[in-house]
There are 2 protein chains.
Amino acid sequence: MAGLTAPLLGLEKKSLREQALSALRTAITSGELAPGRHLVETELSEMLQISRGTLREALRQLEQEGLLSAGPRGRLSVRHLDEKEIRDIFAVRAALESLAARTLCELPDRQHVTESLHSAIDAMNETTKGTLKERIESDLEFHRTLCRLTGNETLLHSWESLEGSIRMSIMFAGLEKGVSNMSVDRHREIVTAIDTGDAALARKTILEHMDTAAANLVA
Amino acid sequence: MAGLTAPLLGLEKKSLREQALSALRTAITSGELAPGRHLVETELSEMLQISRGTLREALRQLEQEGLLSAGPRGRLSVRHLDEKEIRDIFAVRAALESLAARTLCELPDRQHVTESLHSAIDAMNETTKGTLKERIESDLEFHRTLCRLTGNETLLHSWESLEGSIRMSIMFAGLEKGVSNMSVDRHREIVTAIDTGDAALARKTILEHMDTAAANLVA
DNA sequence: CCAAAACCGACTGTAAACAGTCGACTTATG
DNA sequence: CATAAGTCGACTGTTTACAGTCGGTTTTGG
């Protein structure tokens, strides 16, 4: 019966743990589970229709991703980010993406890289008129691609570990201030710098981009 | 009876999960669990005298730290790092510590920072004649302090997530090649640069330091 | 002797039950 | 009425038990 979910196109059936992980991540970054909210294992396990044991494994991972914070007695709650933490997160993010840009600049054959980045930017352009969520997603997709193209798995993994926190930062501020200015032009500048192999310029552009983004979120 | 373990000086009793985590980390980085070795949950749970459920929570965390790699059907094995991966890890590490140095340079009051870093270096000096493990630990302690002093919790957390992989890198190569050249002088250069607030120099010194370290490990 | 099918063992995925602890609320007592 | 002791409930930490699946091995039929 359970085998009916077709694993046809590499779409392997994910374990309940992974499903719970996705569901919780979505619930948190969508605001369904608001920052500061206390999480009760039995509630969640019932809500997600899984056992506590399986749930707890997912919770550990979310905790390490920085989406949950542990209270005194193992009590978990959705993490609340203050302005300093948002700035800190974006500083680390900038460092990682800065490395990504430098790495890409030093690549002997950047043909493929340039193409992929341009595709990502095109995708961003198409969602310019879309919902806020869509624009955020295409933006993150661009930056994730930046890291992935380096071929440095550790770099990609570190960035992805931060991705949840980045989403929370944007969401947290996205409610109060408008997060509308995710300029496509800025991203073109980055790609151009990488295209010409100008590592210093690429780094500078990214650092500025991140500074601006963080400033907009906390301003 | 169980209350006899004195939680006097903030030494709070750790959960079995945390104990297992420490034990496994030690076992892996000490080589007791060699890279490539397949891990069987029932074996480990019996070995550590804990249940599988509790163990699995610890395993998830180790997996995310990059100490374990998941096989086809949830099969876990101790991760084996090749030379490229070691270089990649040290590149990310360099980016993080580079950010740390820059952040420290921009701090208005660096008095306290300088003192702490000098203490860390003194500690390194004292272990100069110690065992290889002791020298490695004091070295990592210095770099961890670098990140901690920034006050950027995200930065510290990212670095610590990498710490296990760094240890594995050093160990992996430490067996074949000699990892004897952890120069104290290089660390003094970093502290001096921070002391004078020269962010560019600090960054340059750290990048070179990491390049050298990675090169020594894979050479 | 070879091949295919049935069997078995091992291991992970998952669920349900048990135990301990902390906080809140109630009750008794001066 | 205020305070302290006692009780109740909720939640996490932990263990034990069950189910499903894959790979290897043996057995059986040609």
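So you know, we letter chains A, B, ... as the sequences are listed, proteins then strands, and number each from 1.
Look at B/Arg56 and you'll find a side-chain N or O under 4.0 angstrom from OP1 or OP2 of C/dG13.
For B/Ser158 and A/Ser158, the side-chain atoms include no donor-acceptor pair closer than 3.5 Å. A side-chain donor-acceptor contact under 3.5 Å links A/Ser51 and A/Thr54.
Taking atom CZ on A/Arg17 and atom C1' on C/dA15, their separation rounds to 16 Å, with Å as the unit. Atom CD of A/Gln19 and atom C1' of C/dA15 are 16 Å apart (whole Å). Rounded to an integer number of Å, the gap from A/Arg73 CZ to D/dG9 C1' is 15 Å. Distance CG (A/Leu16) to P (C/dA16): 12 Å, rounded to an integer number of Å.
Atom CD of A/Glu141 has more than 12 heavy atoms from other residues, nucleotides or ligands within 6.0 Å. Heavy-atom contacts from other residues, nucleotides or ligands closer than 6.0 Å to CD of A/Glu106 number more than 12. Surrounding NZ of A/Lys84 are more than 12 heavy atoms belonging to other residues, nucleotides or ligands, all under 6.0 Å away.
For B/His209 and B/His143, the ring centers sit closer than 6.0 Å to each other.
For the segment residues 36-55 of chain A, residues with any heavy atom less than 4.0 angstrom from an atom of DNA chain D are, sorted by number, A/Leu39, A/Val40, A/Glu41, A/Arg52.
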